[in-house]
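This report concerns only the one structure given below.
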Amino acid sequence: MELNDKVAVITGGDSGIGFASARLFLEVGAHVVIVSNNPETLGVARSQLGANVVTIEADVTDTKALSIAFGEAGRQFGRIDVLFASAGVVSPTPLENASSELFERILRINIAGSFYTVQAALPYLCSGSSVILIGSVVATMGIAGFGAYAASKAGLSGMARALASELTPKGIRVNTLVPGPTRTPIWNTIARSETELQELEKSLTRSIPIGRLNDAEEVAQAALFLASDYSSSMQAAEIVIDGGASRAPQGAPVYRV
């Protein structure tokens with residue numbers, strides 16, 4: 001699969017799945033713009049990805065900043081062929097002590113931020129372009145203590161279908177990646193130490209039939225498929241990448257004799 005001369009904008013492209021996708025898209029010929037609100041990680045990403053990547057600082061919850069960021073991308077390239085809204089956050093929100101500020105922050109970044117991203121990109125999206133949103137199996141698995149994150153990703157799935165209906169007349173596709181647990185820096189916001197992180201991963205793998213977490217590069221390959229013309233007939237689809245955890249749970253190690 002190639003993206004020769006396609007223009008791809010990736011929010012959250014300085015870390016995790018977004019970064020892995022940015023690197024892969026560059027390798028297959030795309031012009032890549034990454035957007036993040038963190039100047040430090042943007043600088044690191046730029047140094048690792050090389051001179052061909054364009055980095056723009058903007059917060060996905062700030063509509064004015066997004067408008068300026070996409071205006072800059074539009075001025076440099078004239079259009080956007082691929083939009084990957086991968087910016088997001090996760091944090092436990094146990095019912096007994098989660099603050100309203102944290103709950104609202106998760107929804108604001110994950111749902112509103114994705115909506116604002118597509119909204120800001122719309123003037124530059126051309127017929128045949130691909131919009132990729134990122135959900136999570138947490139939306140449907142009922143994981144205790146993650147109510148806000150589950151709500152944000154369930155809401156995003158519904159929003160993706162509505163956006164697909166709205167953008168179909170413009171020739172724009174909207175599809176969603178739905179990863180399971182994936183090795184990315186976002187886990188550092190949940191585990192407080194390397195030991196705790198290892199224990200968390202060990203616990204999670206017991207419920208994943210393939211017996212391991214995703215690598216970010218594996219999810220990036222699915223993003224590449226949705227970005228490419230090979231997925232031209234896909235609209236309002238969800239690609240689940242979770243090692244079978246949500247669709248074939250009894251294949252997991254925890255159920256094996």
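Not measured: the values here are computed from a predicted model.
Counting only distance, with no hydrogens or angles, the side chain of Ser99 and the backbone of Leu102 share a donor-acceptor pair below 3.5 Å. Side-chain atoms of Gln235 come within 3.5 Å of backbone N or O of Ile172 as a donor-acceptor pair. Under the 3.5 Å distance criterion, the side-chain polar atoms of Thr184 are left unmatched by any main-chain donor or acceptor of Ile17. In this structure a side-chain-to-backbone donor-acceptor pair under 3.5 Å is missing from Asp229 to Ser232. Ser67 places no side-chain N or O within donor-acceptor distance of the main-chain N or O of Lys64, the cut-off being under 3.5 Å. Checking side-chain atoms of Glu218 against main-chain N and O of Asp215 turns up a donor-acceptor pair under 3.5 Å. Without hydrogens or angle criteria, Asn175 side chain to Met234 main chain gives a donor-acceptor distance under 3.5 Å. In this structure a side-chain-to-backbone donor-acceptor pair under 3.5 Å is missing from Thr176 to Glu238. Under the 3.5 Å distance criterion, the side-chain polar atoms of Thr93 are left unmatched by any main-chain donor or acceptor of Ala98. With Asp62 contributing its side chain and Ala65 its backbone, the two residues share a donor-acceptor pair below 3.5 Å.
Atom OH of Tyr116 sits in a sparse spot, with 12 or fewer heavy atoms from other residues, nucleotides or ligands closer than 6.0 Å. Counted within 6.0 Å of CZ on Phe115, heavy atoms from surrounding residues, nucleotides or ligands total 12 or fewer; the atom is thus considered open. The environment of CD in Gln119 is crowded: more than 12 heavy-atom neighbours from other residues, nucleotides or ligands sit within 6.0 Å.
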Could you please spell out the steps behind the side chain to side chain donor-acceptor pair (under 3.5 Å) verdict for Arg173 and Ser129?
-> CA-CA 6 Å; Arg173 299 184 293 114; Ser129 60; over 6 Å; no
Practice prompt. Evaluate the side chain to side chain contact (heavy atoms under 4.5 Å, CB included) criterion for residues Leu224 and Ser21: first the C-alpha distance (whole Å), next the side-chain angles of each, then the deciding distance (0.1 Å), finally the verdict.
Written response: CA-CA 7 Å; Leu224 173 59; Ser21 299; over 6 Å; no
### Query
What's the verdict on side chain to side chain contact (heavy atoms under 4.5 Å, CB included) for Leu24 and Glu27, showing C-alpha distance, side-chain angles and the deciding distance?
CA-CA 5 Å; Leu24 180 59; Glu27 289 173 358; 3.8 Å; yes
Tell me, with the steps shown, if Ile109 and Val60 meet side chain to side chain contact (heavy atoms under 4.5 Å, CB included).
CA-CA 7 Å; Ile109 294 173; Val60 296; 4.3 Å; yes
message = Using side chain to side chain contact (heavy atoms under 4.5 Å, CB included), reason through Phe84 and Leu133 one step at a time and then give a plain yes or no.
response = CA-CA 6 Å; Phe84 186 9; Leu133 304 181; over 6 Å; no
Full working for side chain to side chain donor-acceptor pair (under 3.5 Å) between Glu2 and Asn4: CA-CA 6 Å; Glu2 295 183 346; Asn4 287 334; 2.7 Å; yes
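Considering all non-hydrogen atoms of both residues, Ile241 and Ala222 come closest at CD1-CB, 3.4 Å. The minimum heavy-atom distance between Gly88 and Asn110, with the atom names listed, is CA-OD1, 3.2 Å. Between Gly180 and Val137 the shortest heavy-atom distance is CA-CG2, 3.6 Å. Taking all atoms of both residues into account, the shortest heavy-atom contact from Ser136 to Val178 is C-CG1, 3.4 Å. Heavy-atom minimum distance, Ala120 versus Pro123: O-CD, 3.3 Å. Contact record, Glu57 with Asn37: OE2-O, 3.9 Å, taken as the closest heavy-atom pair.
Tracing side-chain contacts under 4.5 Å through hydrophobic residues (I, L, V, M, F, W, Y), one reaches Tyr230 starting from Val28; they form part of the same cluster. Linking ILVMFWY side-chain heavy atoms closer than 4.5 Å, directly or via other members, places Ile56 and Val44 in two distinct hydrophobic clusters.
Inter-residue side-chain proximity for Ser15 and Thr41 is flagged as unmet; no heavy-atom pair is nearer than 4.5 Å. For the pair Val9 and Phe70, the minimum side-chain heavy-atom distance is below 4.5 Å. Within the 4.5 Å cutoff, the side chain of Leu125 has heavy atoms near those of the Val131 side chain. Considering only heavy atoms from C-beta on, Val89 stays 4.5 Å or farther from Tyr149 through its side chain. Proximity of Glu101 to Arg105: side-chain heavy atoms (C-beta onward) are nowhere separated by under 4.5 Å. You'll find the side chain of Thr205 reaches within 4.5 Å of the side chain of Leu213, heavy atoms only. The shortest distance between side-chain heavy atoms of Phe146 and Pro92 falls below 4.5 Å. A 4.5 Å side-chain heavy-atom check between Val32 and Asn52 finds every atom pair outside the cut-off.
Remark: Asp14 CG to Glu40 CD distance equals 10.5 Å, nearest 0.5 Å. One finds the CZ atom of Arg108 at 13.5 Å from the OG atom of Ser114 (value rounded to the nearest 0.5 Å). A distance of 10.5 Å separates OG1 in Thr11 from CD1 in Ile34, rounded to the nearest 0.5 Å. Of the inter-residue distances, the one linking Ser36 atom OG with Phe19 atom CZ reads 12.0 Å to the nearest 0.5 angstrom. Once rounded to the nearest 0.5 Å, the distance linking CG of Leu226 with OG of Ser130 reads 6.0 Å. Separation of atoms CZ (Arg79) and OH (Tyr124) is listed at 14.5 Å; rounding is to 0.5 Å.
Here the options are Leu66, Val174, Leu167, the test is side chain to side chain contact (heavy atoms under 4.5 Å, CB included), and the partner is Val118; only Leu167 passes. A side chain to side chain contact (heavy atoms under 4.5 Å, CB included) with Val33 is found for one member of Thr55, Val54, Leu83 and no other, namely Val54.
Looking only at atom types and distance, the side chain of Gln221 has no donor-acceptor partner in the side chain of Glu217 under 3.5 Å away. Side chains of Asp59 and Thr61: a donor on one and an acceptor on the other come within 3.5 Å.
Salt-bridge formation is not detected for the pair Glu201/Arg212: no Lys NZ or Arg NE/NH1/NH2 atom is positioned less than 4.0 Å from an Asp or Glu carboxylate oxygen. The pair Arg75-Glu72 meets the salt-bridge criterion, with a side-chain N (NZ, NE, NH1 or NH2) lying under 4.0 Å from an Asp/Glu carboxylate O.
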